[in-house]
There are 4 protein chains.
Amino acid sequence: MRIAVDHSPAILKTAARYFARKPFHEVHMDDVADACGIAKGTIYRHYPNKEALFLAITLDWMDRLAEQLHKAARKPRGAVERLEAMVASVAEQYRKQRDFFEVMQREELNGGRSVHPERMHKREILRDAFAGVIREGQRAGELRRFDPTVAADLLLGMIRSQLRFGDPKQSPEALASRVLDAYLNGLASRRRRTSHQGDARA
Amino acid sequence: MRIAVDHSPAILKTAARYFARKPFHEVHMDDVADACGIAKGTIYRHYPNKEALFLAITLDWMDRLAEQLHKAARKPRGAVERLEAMVASVAEQYRKQRDFFEVMQREELNGGRSVHPERMHKREILRDAFAGVIREGQRAGELRRFDPTVAADLLLGMIRSQLRFGDPKQSPEALASRVLDAYLNGLASRRRRTSHQGDARA
Amino acid sequence: MRIAVDHSPAILKTAARYFARKPFHEVHMDDVADACGIAKGTIYRHYPNKEALFLAITLDWMDRLAEQLHKAARKPRGAVERLEAMVASVAEQYRKQRDFFEVMQREELNGGRSVHPERMHKREILRDAFAGVIREGQRAGELRRFDPTVAADLLLGMIRSQLRFGDPKQSPEALASRVLDAYLNGLASRRRRTSHQGDARA
Amino acid sequence: MRIAVDHSPAILKTAARYFARKPFHEVHMDDVADACGIAKGTIYRHYPNKEALFLAITLDWMDRLAEQLHKAARKPRGAVERLEAMVASVAEQYRKQRDFFEVMQREELNGGRSVHPERMHKREILRDAFAGVIREGQRAGELRRFDPTVAADLLLGMIRSQLRFGDPKQSPEALASRVLDAYLNGLASRRRRTSHQGDARA
DNA sequence: CATGAATGAGGATTCATTCAT
DNA sequence: GATGAATGAATCCTCATTCAT
């Protein structure tokens, strides 16, 4: 019996590199195997098929992101500081694991068909991490009343837009600062707050 | 004599339905042709290949969205009102042309590789439509100073997050109202505006 | 549109030649396609997969045999003559379509698992063709009382054993004559008929 | 010190169960190994490859059958009694070792290509066991003149047909009785013996 | 001797695209 | 222009076999 080397992480990383650069159907298992320096069959010992491999990249990334996020959410005191740390954490994770992020973004596999339940679940965990902090901020009076889940989704949407379309050279901290500025203070000028403010439901 | 019918719109619509529901590589030209009631070869008379068909769906939607958007941007007076009309317009377009929107979201084909130039260009047009109004709002003093392009991206990110993850039953107007509330007023409580405000660059 | 040539018979014939000479898993669709002078994909337009192709060979042969059999059963007057014609017919069909017979014999695909229903049904048709004539022979007093279905199975068993293990050079008629001699007259010597005779149930 | 266990019989038995239920190419060495509770490599220590394993099942069964057969052929006095004992023996063996029988029936591996020599030889041994008794019966006047080899083949054909298609609930003795009734006495009515009788050659 | 992780040749099947009618 | 039968390159996945431990 040969020594069991856990190839999973290497496979995941290599596959992420490929899936991040090409559409699903243009990524070949052969290529991934070659790039990993293992035989094709070995991939199949870890992931039953190409789709599962693709999915695993996503889920793996989400797991790691969730971990980072919880870590970031623990340190600072105020909700605002914690949100800022979390956003920076996401941005940093993105920089470090860009391939994984790209793959996760793609959502190629759940084209419209009701999203993969595990992915869905993990996304909810991420969102809830933000929503939890937002809720605390509201209790502490730092944040105004607004549905925390919606608020979390909005923040994630902002983050995503900056990761994808924002200046790729800005630091995670700068990105976090900029996003939170807009998120917290809004873009209306101070003297002209819209009448919307009252609409929000906690 | 057979009357020449322009199948293009029908093909686009049918194909959108398929691409919206399945990943690119699971959509078969046969299916689309059958669903269109035409022969496979006829599709190839309109689109040189599957990828072009996919892309055409995207571009078509973006064109129509841009048109809607400009219409929406024209009517109201103030920048805020115009933004609200534009967001509602996007949401409505999304409801009415959900398949197209789903396809456009996917970005399956430009997995990382330098995004298709025309798509890129059209997305910029959309963003610039928002950025233009934002810039005007800033000039008029309705909106505070903040890079308009970034601001537009952030707004698009918020819209996207609500379209994908928000309450699917809320009306376009409700969605617009809620998004703009957060976008304009921010989520910090009034008494506790963060120090970020000063960071923004116009 | 190209002219539709029905490739089915050619595919069946070629495939039979291959399946008759090699075990299922050693027959390659490529080989069959090449030998047919058509592309691999064309086979799949006619048969959804290799197993279906294999099965089709069997069913096709059984159909043709049943047809021959009914023809043979029609001409002669007496049951014995008809049986003889039928056996000769089977033997002749075997000679002419040996490949098909070999494939049918193999039963490779229904290894133990409850036999394919259509095959089962067709085999019953063949058996019943014999059983019907046997029953008539019993009514006419030519044949003694014995369960006709069992009697038919026994006759088919004899035929099979001769086709597989008998002298390959003997004519269909000789084979039929020899088999029927044993089948009708039995192998006991005349003076020593066993006590079994009484056991048979019509 | 590990006690060396001879896995051969267990492997053979387990493999037989699999090969009896699925076609050759659907039986996986993994399955057999797992079901045996041993590692795949261990099977290869006993049988050089899958084909050899398959063949071994066949040969093993034939050996055991031949042994039974010779035992059965020894006890009774008359040829007819001995034949009956032998047929019952085959039927019993079939009931007890159905898996092996099924495998042996299949002949999957010698699809047309000149049959495996050892198998061929063993089948001849079986046939000759019957042929020998038949020859004695002819000498003793119990059986009429008829090529003993052909006669043996015919009897085996009848047995096979009953094992495969006959009533699965009838006892080995009942099967033997029924088959031999037909085999010895023939199915023609007594008054109407066909002219075939004269055709047979010893 | 046993093990079972790793291998990778091998083959079934798919499906975008073509083109003769 | 429209058709859809035919194509065959392209790829996923399998699984018998090996061999380091």
Side-chain angles (χ1 to χ4, degrees), chain A residues 1-7 25-34 36-53, chain B residues 1-7 24-34 37-53, chain C residues 1-7 24-34 36-51 53, chain D residues 1-7 24-34 37-53:
Chain A
M1 179 179 95
R2 278 172 227 170
I3 281 188
V5 179
D6 186 10
H7 294 111
H25 67 284
E26 287 185 19
V27 174
H28 307 319
M29 297 300 265
D30 289 85
D31 298 340
V32 176
D34 284 354
C36 277
I38 60 176
K40 221 178 328 174
T42 305
I43 297 184
Y44 283 91
R45 295 189 62 71
H46 293 267
Y47 305 95
N49 52 49
K50 195 176 164 186
E51 192 160 335
L53 174 58
Chain B
M1 183 187 90
R2 213 172 296 160
I3 291 174
V5 182
D6 183 11
H7 292 113
F24 184 82
H25 67 282
E26 286 185 20
V27 174
H28 306 322
M29 297 300 265
D30 285 272
D31 299 338
V32 177
D34 285 356
I38 60 176
K40 235 184 316 180
T42 306
I43 296 183
Y44 282 88
R45 191 156 290 287
H46 293 268
Y47 305 95
N49 54 46
K50 191 179 169 186
E51 193 158 336
L53 174 58
Chain C
M1 179 179 94
R2 278 175 226 165
I3 280 189
V5 180
D6 186 10
H7 294 112
F24 185 83
H25 67 283
E26 287 186 17
V27 174
H28 307 321
M29 297 300 265
D30 290 86
D31 298 340
V32 176
D34 285 354
C36 278
I38 60 176
K40 225 178 323 178
T42 305
I43 297 184
Y44 283 90
R45 295 188 62 71
H46 293 267
Y47 304 95
N49 54 48
K50 196 176 164 186
E51 190 159 336
L53 174 58
Chain D
M1 181 188 87
R2 214 171 294 158
I3 290 176
V5 182
D6 183 13
H7 292 112
F24 184 83
H25 67 282
E26 286 185 19
V27 173
H28 305 323
M29 297 301 265
D30 284 272
D31 299 339
V32 176
D34 285 357
I38 61 177
K40 235 184 316 180
T42 307
I43 296 183
Y44 281 89
R45 191 156 291 287
H46 293 268
Y47 304 95
N49 53 48
K50 191 178 169 188
E51 193 158 336
L53 174 59

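Just so it is clear: chains get the letters A, B, ... in the order the sequence lines come, proteins before strands, and each one is counted from 1.
Taking the side-chain contact (heavy atoms from CB on, under 4.5 Å) definition, one finds that Asp30(C) meets it with Lys40(C), sequence neighbours left out. In terms of the side chain to side chain donor-acceptor pair (under 3.5 Å) criterion, His7(C) has no residue partners (sequence neighbours excluded). For Asp34(B), there are no side-chain contact (heavy atoms from CB on, under 4.5 Å) partners two or more places apart in sequence or in a different chain. Annotation: side-chain contact (heavy atoms from CB on, under 4.5 Å) contacts of Asp31(C) (sequence neighbours excluded): Tyr18(C), His28(C).
Atom P of nucleotide dA12(E) and atom OH of Tyr47(C) are separated by 17 Å, given to the nearest angstrom. What separates CD1 of Ile43(B) from P of dA16(E) is a distance of 10 Å, to the nearest Å.
In this model, the phosphate group of dT7(F) is approached by a side-chain N or O of Thr42(C) to a distance below 4.0 Å at OP1 or OP2. One finds no side-chain N or O of His46(B) lying less than 4.0 angstrom from the OP1 or OP2 phosphate oxygen of dG1(F).
Here the closest non-hydrogen pair linking Ala33(A) and Ala39(A) is CB-C, 3.9 Å. Annotation for Met29(D) and Ile43(D): closest pair CE-CG2, 3.8 Å, computed over non-hydrogen atoms. Across all non-hydrogen atoms, the minimal contact from Leu53(A) to Tyr47(A) is CD1-CD1, 3.7 Å.
Rounded to 10°, the angle separating the first-five-pair axis and the last-five-pair axis of the helix from dA2(E)-dT21(F) to dT21(E)-dA2(F) equals 0°.
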Classify every nucleotide of nucleotides 10-15 of chain F by which part a protein heavy atom approaches to under 4.0 Å, writing B for the base, S for the sugar-phosphate alone and - for neither, in 5'-to-3' order.
BSSBBS

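To the nearest 0.5 angstrom, His46(C) atom NE2 is 6.5 Å from Ile38(C) atom CD1.
For the pair Ala39(C) and Arg45(B), nearest-nucleotide mapping onto DNA chain F gives the more 5' position to Arg45(B).
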